[in-house]
K.L.:
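One structure is given below, represented as structure tokens, and several questions about it will come after.
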Amino acid sequence: MSRKLPRSFYDRPTLEVARNLLGSFITFRTKQTSLSARIVEVEAYIGQDDPACHAARGLTKRNQVMFDQPGFSYIYFIYGMYHCFNIVTEREGFPAAVLLRAAEPIDGIESMRKRSPKGKVEQILSGPGKFCRSFGLTQDHSGMDLTGNTLYLTSGKGKPGRIVTTTRIGIKTGTELSYRFYLAESEAVSGTK
DNA sequence: TGAATGATGCGCT
DNA sequence: GCGCATCATTCAT
């Protein structure tokens, strides 16, 4: 049985949270469906000293939730058509989050398919934009409490597998930091064939 | 099979 | 205006 991850899980150093998120499950319940997936790839964005972190230039209306309590969602709109889903970490006042980059579909695959009709099913959540599109998450879902009953995470079962650490993808600054983590055995990791 | 590029809108300088 | 934590398509090898 997997248990819902409590607030204390997120209230820790971001790199630790990021690594521990691999192999855990995310569930999103709506009136129609219940979607769930196993997390296989994440990136950390940590504080005002991390140049790639949205909070690097201080608090704004958009990144507000990163400064608030851990265990909440931070979702932003990018490139005119995609969304990225983040999990806020660390104590209130310290802005940090983990970007969910890829996951393996578990439940509600039919619904994901409707939103992402093309490509292999295993890769339907393979990338931060694809994950949000397939789950139907938008900036309207930013600031949600992840310890609630609508959008929440549960612990993984057993050992997740071998974890690979690399630098982050798709950014221009902070490229020297090894803040990306993924499960070596997964077919759903982004940026691979 | 890999590199280049266009789509498209919002937040911030 | 510019740039962006992306992705699908196009074009070249």
Side-chain angles (χ1 to χ4, degrees), chain A residues 10 13-19 21-22 26 37 39-68 70-90 94-105 112-144 146 151 153 163-183 186-193:
Chain A
Y10 306 101
T14 305
L15 294 177
E16 213 173 292
V17 177
R19 263 185 284 254
L21 280 170
L22 294 175
I26 179 160
I39 297 171
V40 300
E41 179 184 353
V42 295
E43 283 179 2
Y45 290 86
I46 311 173
Q48 310 213 42
D49 293 333
D50 176 356
C53 180
H54 282 181
R57 290 167 198 274
L59 190 151
T60 67
K61 185 143 196 162
R62 181 176 68 152
N63 67 26
Q64 162 94 256
V65 63
M66 289 185 83
F67 286 81
D68 293 335
F72 281 74
S73 62
Y74 168 49
I75 303 178
Y76 61 89
F77 184 63
I78 192 157
Y79 297 123
M81 59 180 81
Y82 297 109
H83 297 273
C84 289
F85 171 77
N86 296 257
I87 295 157
V88 175
T89 60
E90 315 245 11
F94 187 97
V98 175
L99 168 70
L100 199 167
R101 286 196 58 91
E104 295 169 348
M112 299 178 199
R113 253 305 180 212
K114 271 186 227 159
R115 297 194 173 95
S116 301
K118 300 175 194 158
K120 298 202 287 184
V121 184
E122 312 86 68
Q123 317 227 109
I124 207 168
L125 307 175
S126 178
K130 293 164 84 175
F131 170 77
C132 284
R133 187 185 59 197
S134 301
F135 260 58
L137 293 170
T138 69
Q139 61 265 57
D140 292 346
H141 305 282
S142 194
M144 287 182 68
L146 300 176
L151 182 62
L153 289 93
I163 295 175
V164 180
T165 304
T166 72
T167 54
R168 295 173 292 186
I169 290 178
I171 53 173
K172 292 258 185 12
T173 57
T175 50
E176 72 284 357
L177 299 168
S178 293
Y179 284 180
R180 174 171 175 252
F181 308 95
Y182 66 88
L183 295 179
S186 179
E187 298 292 309
V189 173
S190 71
T192 62
K193 62 228 151 326

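Chain letters run A, B, ... following the sequence lines, proteins first and then strands; every chain starts at 1. Only a predicted model underlies this, so the values are computations on that prediction, with no experimental measurement involved.
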K.L.:
Measure the distance from NZ on A:Lys120 to C1' on C:dA8 and round it to the nearest whole Å.
P.N.:
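Going from NZ in A:Lys120 over to C1' in C:dA8 covers 16 Å.
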K.L.:
Is any side-chain N of the basic residue among A:Arg101 and A:Glu43 closer than 4.0 Å to the acidic one's carboxylate O?
P.N.:
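Yes.
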K.L.:
Sequence neighbours excluded, which residues qualify as side-chain hydrogen bond (donor to acceptor under 3.5 Å, both in side chains) partners of A:Tyr74?
P.N.:
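Residues passing side-chain hydrogen bond (donor to acceptor under 3.5 Å, both in side chains) with A:Tyr74: A:His54.
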K.L.:
Taking atom C1' of C:dT6 as reference, at what distance in whole Å does atom CD of A:Glu41 sit?
P.N.:
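About 13 Å, once rounded to whole Å.
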K.L.:
With rounding to the closest Å, how many angstrom separate the P atoms on C:dA5 and B:dA3?
P.N.:
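Comparing P positions in C:dA5 and B:dA3 gives a spacing of 22 Å.
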K.L.:
Heavy atoms under 4.0 Å, any strand shown: does A:Gly80 hit a base, just sugar-phosphate, or nothing?
P.N.:
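The answer is base, as A:Gly80 lies within the cut-off (heavy atoms under 4.0 Å) of a base atom.
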K.L.:
Is any side-chain heavy atom of A:Leu100 closer than 4.5 Å to one of A:Phe131?
P.N.:
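Yes, at least one pair of side-chain atoms sits under 4.5 Å.
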K.L.:
Find every protein N or O atom lying less than 3.5 Å from an N or O atom of nucleotides 10-13 of chain B, and list the pairs.
P.N.:
unit_1, atom_1, unit_2, atom_2, d
B:dC12, OP1, A:Thr60, OG1, 2.6

K.L.:
What I'd like to find out is whether the side chain of A:Val88 reaches to under 4.5 Å of the side chain of A:Phe67, using heavy atoms alone.
P.N.:
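They are not in contact (no side-chain heavy atoms under 4.5 Å apart), so the answer is no.
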K.L.:
Over how many whole Å does the gap from A:Arg168 atom CZ to C:dT6 atom P extend?
P.N.:
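Whole-Å distance recorded here is 11 Å.
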K.L.:
Just to be sure I understand: a Watson-Crick pair is purine N1 to pyrimidine N3 plus N6-O4 or O6-N4, both under 3.5 Å. Using that and G-U wobbles, which stems of three or more pairs involve DNA chain C?
P.N.:
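If one scans DNA chain C for consecutive Watson-Crick or G-U pairs, the stems found are B:1-7 with C:6-12, B:9-12 with C:1-4.
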K.L.:
Nearest whole angstrom, please: distance from the P of B:dG9 to the NE2 of A:His83.
P.N.:
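Taking atom P of B:dG9 as the reference, NE2 of A:His83 is at 12 Å.
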K.L.:
On a plain distance test, is the side chain of A:Tyr76 in donor-acceptor contact with the base of C:dA5 below 3.5 Å?
P.N.:
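Answer yes: a donor N or O sits under 3.5 Å from an acceptor.
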K.L.:
Has the side chain of A:Ser134 got a donor or acceptor atom that lies under 3.5 Å from a matching backbone atom of A:Ser116?
P.N.:
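No, A:Ser134 side chain to A:Ser116 backbone: no donor-acceptor pair under 3.5 Å.
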K.L.:
Is there a side-chain contact between A:Cys53 and A:Gln48 in this structure, where contact means two heavy atoms from C-beta onward sitting under 4.5 Å apart?
P.N.:
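Answer no - side chains too far apart.
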K.L.:
May I ask you to decide if A:Pro70's main-chain N or O and A:Thr89's side chain share a donor-acceptor pair within less than 3.5 Å?
P.N.:
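Side chain of A:Thr89 to backbone of A:Pro70, a donor-acceptor pair under 3.5 Å: no, none is there.
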K.L.:
Please indicate yes or no: is the ring centre of A:Tyr82 less than 5.5 Å from the centre of the six-membered base ring of C:dT6, with the two planes inclined by under 30 degrees?
P.N.:
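Ring-base stacking flag not set for A:Tyr82 and C:dT6.
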K.L.:
Please report the distance, rounded to the nearest Å, between CD in A:Glu43 and C1' in C:dT6.
P.N.:
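One finds 12 Å between C1' of C:dT6 and CD of A:Glu43, rounded.
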K.L.:
Give the rounded distance in Å between these two atoms: CE of A:Met66 and C1' of C:dA5.
P.N.:
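Taking CE of A:Met66 and C1' of C:dA5, I get 10 Å after rounding.
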K.L.:
If you only use heavy atoms from C-beta on, which nucleotide in C:dA5, C:dC7, C:dT9 is closest to the side chain of A:Lys118?
P.N.:
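The closest nucleotide is C:dT9.
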K.L.:
Any stacking of A:Tyr79 on B:dG9, going by centres under 5.5 angstrom and planes within less than 30 degrees?
P.N.:
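It does not: the two rings, one from A:Tyr79 and one from B:dG9, miss the stacking criterion.
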K.L.:
To the nearest angstrom, how far is A:Lys172 atom NZ from C:dT6 atom P?
P.N.:
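Computing the A:Lys172:NZ to C:dT6:P distance gives 10 Å.
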K.L.:
Return the value, rounded to whole Å, for the distance between atom CE of A:Met81 and atom P of C:dT9.
P.N.:
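Going from A:Met81 (CE) to C:dT9 (P), I get 12 Å.
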